[in-house]
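A short worksheet on the structure shown next.
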Amino acid sequence: MVTTSNKQSDSRLRERMLAGDLAALSETFEHNHARLWHLVYFRMDVRLRSRIDPDDVLQDSFVAAESRLSHFIESENVSPIVWLRSIVLQTLIDLHRRHLAAQMRDATLDVSLNQSHGGQHTSVCLAEFLSGGMTSPSNAAIRAENERRMQAALSGMSDSDQEMIALRHLELLNNAEAAEVLDIQPKNASIRYVRAMKRLKEAVGEHSRRFLRDAEKSSAEISSEGD
């Protein structure tokens with residue numbers, strides 16, 4: 001639950017960051033660590049997951065954020081988490097270019113890359129997460145079938161609907177933050193999210209809907225930690 005105390009604390013941290021306080025940046029980064037970790041894990045190309053730890057990416061991202069704090073100060077209308085998100089995404093893009101440059105020049109291997117972030121395609125990442133990819137279900141066959149169903153359903157959805165679900169579930173942003181990323185009003189973001197989830201639930205079987213409900217609950221809990 002988001003309390004008035006939490007909001008006041010976040011507001012004070014933001015004010016301190018705008019004043020150039022590096023300690024406030026460190027506190028904000030740590031406060032949002034779980035959400036940023038999810039962003040890195042799911043946006044990172046699967047070919048790098050066995051070689052690079054998300055925490056190493058976050059460490060590089062924090063160093064970059066420290067050196068670019070003046071950019072945050074100059075763009076004072078942006079929220080800290082959305083600004084940090086942009087830093088982490090740029091770090092990931094640089095990482096993919098450095099480690100996968102040769103493969104990415106091969107057009108036959110380029111199809112799995114997300115053009116916006118240099119990672120896996122959004123539908124692949126979402127299918128993995130929404131079907132229980134971060135858990136260890138006893139029946140691997142059921143998980144694999146749910147992931148197949150999810151990916152098929154997501155692939156049939158528009159890019160904008162996929163991205164809205166990704167912002168809420170992969171990156172664990174709340175509605176206002178997702179609206180800021182997409183540069184739309186929070187009300188419109190809420191409508192788009194509800195509509196996208198309704199379409200997804202209609203496209204998958206009843207068994208997959210259970211995984212969706214679990215994913216929604218898990219995302220809401222972690223997202224609220226960053227509010």
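Side-chain atoms are counted along with the backbone in the values below, which use heavy atoms only and exclude waters and symmetry mates.
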* CG on L58 to CH2 on W37, rounded to 0.5 Å -> 9.5 Å
* Asked: Is the side chain of R168 donor-acceptor paired with the backbone N or O of L173 at a distance under 3.5 Å, no angle test?
  -> yes
* Scan side-chain atoms only and decide if H99 and D45 contain a donor-acceptor pair under the 3.5 Å cut-off. => no
* **Working for side chain to side chain contact (heavy atoms under 4.5 Å, CB included), residues K198 and Y193** => CA-CA 8 Å; K198 182 175 184 291; Y193 171 69; over 6 Å; no
* Asked: Hey, mind stepping through L182 and R192 against side chain to side chain contact (heavy atoms under 4.5 Å, CB included) and telling me if it holds?
  -> CA-CA 11 Å; L182 298 173; R192 186 182 296 185; 3.8 Å; yes
* Keeping the roles fixed (side chain from S67, backbone from A64), state whether a donor-acceptor pair exists under 3.5 Å. => yes
* Are V78 and I184 connected, step by step, through hydrophobic side chains (Ile, Leu, Val, Met, Phe, Trp, Tyr) whose heavy atoms are closer than 4.5 Å? -> yes
* Asked: What closest approach, in Å, do F62 and S26 show between heavy atoms, and which atom pair accounts for it?
  -> CE1-CA, 3.6 Å
* To do: Over all heavy atoms of both residues, which pair between A189 and M164 is shortest? Give the atoms and the distance, please.
  => O-CE, 3.6 Å
* Asked: Around E66, counting heavy atoms of other residues, nucleotides and ligands shown, do more than 12 lie under 6.0 Å from its CD?
  -> yes
* Asked: Side chains of L95 and L48: does their closest heavy-atom pair fall under 4.5 Å?
  -> yes
* Would you check if E171 and H38 make a side-chain contact, meaning some heavy-atom pair closer than 4.5 Å? => no
* To do: For the residue pair M197 and H169, establish whether any side-chain heavy-atom pair is separated by less than 4.5 Å.
  => yes
* Check against side chain to side chain contact (heavy atoms under 4.5 Å, CB included), M150 and L126 -> CA-CA 8 Å; M150 290 287 185; L126 275 171; over 6 Å; no
* Compare every heavy atom of N77 with every heavy atom of E180, then report the nearest pair and how far apart it is. => OE2-O, 4.1 Å
* Asked: Looking at A24 and L13, what are the two nearest heavy atoms and their distance?
  -> CB-O, 3.8 Å
* Could you point out which residue of V88, T28, L69 forms a side-chain contact (heavy atoms from CB on, under 4.5 Å) with W83? => L69
* Asked: Nearest heavy-atom pair of L154 and Q162: which atoms, and what distance?
  -> O-NE2, 2.9 Å
* Does the N32 side chain pair with the main chain of I81, one donor and one acceptor, at a distance under 3.5 Å? -> no
* Asked: Any side-chain donor-acceptor pair under 3.5 Å between S79 and E177?
  -> no
* Give a yes or no on whether the backbone of Y41 and the side-chain of R49 come within a donor-acceptor separation of less than 3.5 Å. => yes
* Asked: Under 4.5 Å between any side-chain heavy atoms of D21 and E15, yes or no?
  -> no
* **Step-by-step side chain to side chain contact (heavy atoms under 4.5 Å, CB included) determination, K187 to I191** => CA-CA 6 Å; K187 180 180 179 180; I191 292 172; 4.2 Å; yes
* To do: List the steps, then state whether salt bridge (Lys or Arg N to Asp or Glu O under 4.0 Å) holds for R35 with E30.
  => CA-CA 10 Å; R35 298 201 286 172; E30 182 60 30; over 6 Å; no
* Atom pair CD1 (I73) and NE2 (H71), whose distance is rounded to the nearest 0.5 Å -> 10.0 Å
* To do: Can you see which heavy atom on L84 is nearest to which on A65, and at what distance?
  => CD2-CB, 4.1 Å
* Structure fact -> OG of S9 to NE2 of H31, rounded to nearest 0.5 Å, is 7.0 Å
* Would you call R68 and Q90 a side-chain contact if the rule is heavy atoms closer than 4.5 Å? -> yes
* Quick one: pull up CD in E163 and CG in L170 and give me the separation to the nearest 0.5 Å. => 8.5 Å
* Close side-chain approach of I52 and M44, heavy atoms under 4.5 Å -> yes
* Taking side chain as C-beta onward, heavy atoms only, is D94 less than 4.5 Å from T91? -> no
* **Rounded distance (nearest 0.5 Å) linking atom CE of M17 with atom CG of L22** => 9.5 Å
* To do: Decide, yes or no, whether a salt bridge links E202 with R195 under the criterion of side-chain N to carboxylate O below 4.0 Å.
  => no
* To do: Determine whether Q185 and N188 make a side-chain contact, defined as any pair of heavy atoms from C-beta on separated by less than 4.5 Å.
  => yes
* Donor-acceptor pair, side chain of N175 and main chain of P186, under 3.5 angstrom -> yes
